[in-house]
Amino acid sequence: MSFDRSIKIAPSILSADFANFGAECRAIEAQGADWVHVDVMDGHFVPNITFGPATCAAIRPHIKGVMDVHLMIAPVDPYIEAFAKAGADIITAHVEAGPHIHRTMQAIRGAGAKAGVALNPATPAAAVEYLLDMVDLVCVMTVNPGFGGQKFIHSQVEKVRQLRAMIGDRPIHIEIDGGVDPVTAPLVAAAGADVLVAGSAVFRGGSVSDPAPYGANIRAIRDAAKA
Ligand code: DX5
Ligand code: ZN
């Protein structure tokens with residue numbers, strides 16, 4: 001089977017009800033989410049704290065599809081095994097999180113997960129050039145990591161284009177994280193992205209007791225990206 005470069009929408013549960021993650025994950029999948037994006041923050045690599053591997057393990061049984069874990073933590077390596085055991089399908093670490101990102105990618109695959117590498121907005125595409133034969137996903141941050149609801153940084157569209165050319169026909173997803181909505185989705189899709197993370201643009205207007213807006217929001221992003 002050829003590599004799946006179709007558009008995938010990955011709602012970020014950073015914008016969900018933190019007291020109700022299980023039901024939120026079930027609701028977004030029922031409403032058409034392709035992946036579930038899980039943002040782990042440590043208050044050190046980024047100026048915000050979310051949760052760790054125990055919460056990921058608790059969420060896991062509520063997700064049928066791909067659990068996409070985005071680690072905004074430093075150091076990363078001591079925690080890889082725990083996130084893999086928690087059931088992460090993909091573990092993404094930041095190239096800025098330490099001096100040994102190559103080793104980190106090896107460790108993620110060694111733990112049985114797919115390996116993702118994320119780039120902050122100021123980090124050039126070339127930073128991942130020597131990792132392309134050992135990663136499954138490159139995540140382009142289109143906001144500075146730490147918070148949902150920030151404004152999309154347009155300069156990153158060119159970075160996506162560069163990465164798409166560098167990747168060629170390697171089986172690597174390009175994921176966009178931050179400020180994705182029906183206006184910005186077509187820009188990054190045209191530049192070569194296939195996984196669109198969206199927090200506020202998916203969860204706005206809905207809730208577990210009224211999840212239909214999640215579906216409408218997901219469809220609006222997907223339709224805009226495909227147009
Ligand atoms: C930001 C997180 C994102 C965030 C995106 O640090 O990595 O996943 O939830 O949120 P929105 O879509 O609201 O920009
Ligand atoms: Zn994220």
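One-based numbering, in listed order, for ligands and for the atoms of each. All of these numbers come straight from a predicted model, not from anything done at the bench.
Closest to atom 10 (O) of ligand 1, if we only count protein heavy atoms, is Gly148 CA, 3.5 Å. Counting only heavy atoms of the protein, atom 5 (C) of ligand 1 lies nearest to Asp177 OD1, 3.6 Å. Looking from atom 14 (O) of ligand 1 to the surrounding protein, the closest heavy atom is Gly179 N, 2.8 Å. Here the heavy atom of the protein found nearest to atom 12 (O) of ligand 1 is Gly199 N, 2.7 Å. Looking at atom 13 (O) of ligand 1, its nearest protein heavy atom turns out to be Ser200 OG, 2.5 Å. Atom 1 (C) of ligand 1 has Phe147 O, 3.7 Å as its closest protein atom, hydrogens excluded (heavy atom only). Closest to atom 6 (O) of ligand 1, if we only count protein heavy atoms, is Gly146 N, 2.7 Å.
Heavy-atom proximity to Pro145, at under 4.0 Å, picks out these atoms of ligand 1: 6 (O). Of all the atoms in ligand 1, the ones that sit under 4.0 Å from a non-hydrogen atom of Gly178 are 14 (O). Ligand 1 places these atoms under 4.0 Å from at least one heavy atom of Met72: 6 (O), 7 (O).
With respect to Arg103 and Asp77, no salt bridge is recorded, no charged nitrogen being found less than 4.0 Å from a carboxylate O. Contact check on Lys114 versus Asp89 returns no salt bridge, with no Lys/Arg side-chain nitrogen under 4.0 Å from an Asp/Glu carboxylate oxygen. Ion pairing of Lys151 with Asp181 is absent here, as no side-chain N (NZ or NE/NH1/NH2) approaches a carboxylate O to less than 4.0 Å.
The backbone N or O of Thr123 sits nowhere less than 3.5 Å from a side-chain atom of Asn120 that would complete a donor-acceptor pair. Under the 3.5 Å distance criterion, the side-chain polar atoms of Glu29 are matched with a main-chain donor or acceptor of Lys64. Looking only at distances, no side-chain donor or acceptor of Arg170 sits under 3.5 Å from a matching main-chain atom of Val135. In this structure a side-chain-to-backbone donor-acceptor pair under 3.5 Å is present from Thr184 to Gly179. No donor-acceptor pair under 3.5 Å is formed between the side chain of Arg219 and the backbone N or O of Asp223. In this structure a side-chain-to-backbone donor-acceptor pair under 3.5 Å is present from Thr142 to Gly178.
Between Ala201 and ligand 1 there is no heavy-atom distance shorter than 4.0 Å. Proximity of Phe152 to ligand 1 is not established, as no heavy-atom distance is less than 4.0 Å.
Checked against a 3.5 angstrom limit, the closest N/O atoms of Asp39 and ligand 1 fall inside it. The N/O atoms of Leu14, backbone and side chain alike, include none that comes under 3.5 Å of an N/O atom in ligand 1.
Restricting His70 to its N/O/S atoms, the shortest distance to the Zn ion (ligand 2) is reached by ND1. Taking the N/O/S atoms of Asp39 in turn, the shortest distance to the Zn ion (ligand 2) belongs to OD1. Looking at Asp177, its N, O or S atom nearest to the Zn ion (ligand 2) turns out to be OD2.
Classification of the Tyr214-Phe203 ring pair by plane angle, with boundaries at 30° and 60°, yields perpendicular.
Residue contacts to the Zn ion (ligand 2): Cys139 brings no N, O or S atom closer than 2.8 Å.
Here the two rings, on His102 and Tyr130, have centers that are 6.0 Å apart or farther.
By the criterion of a heavy-atom distance under 4.0 Å, the side chain of Ser12, and not its backbone, is placed next to ligand 1.
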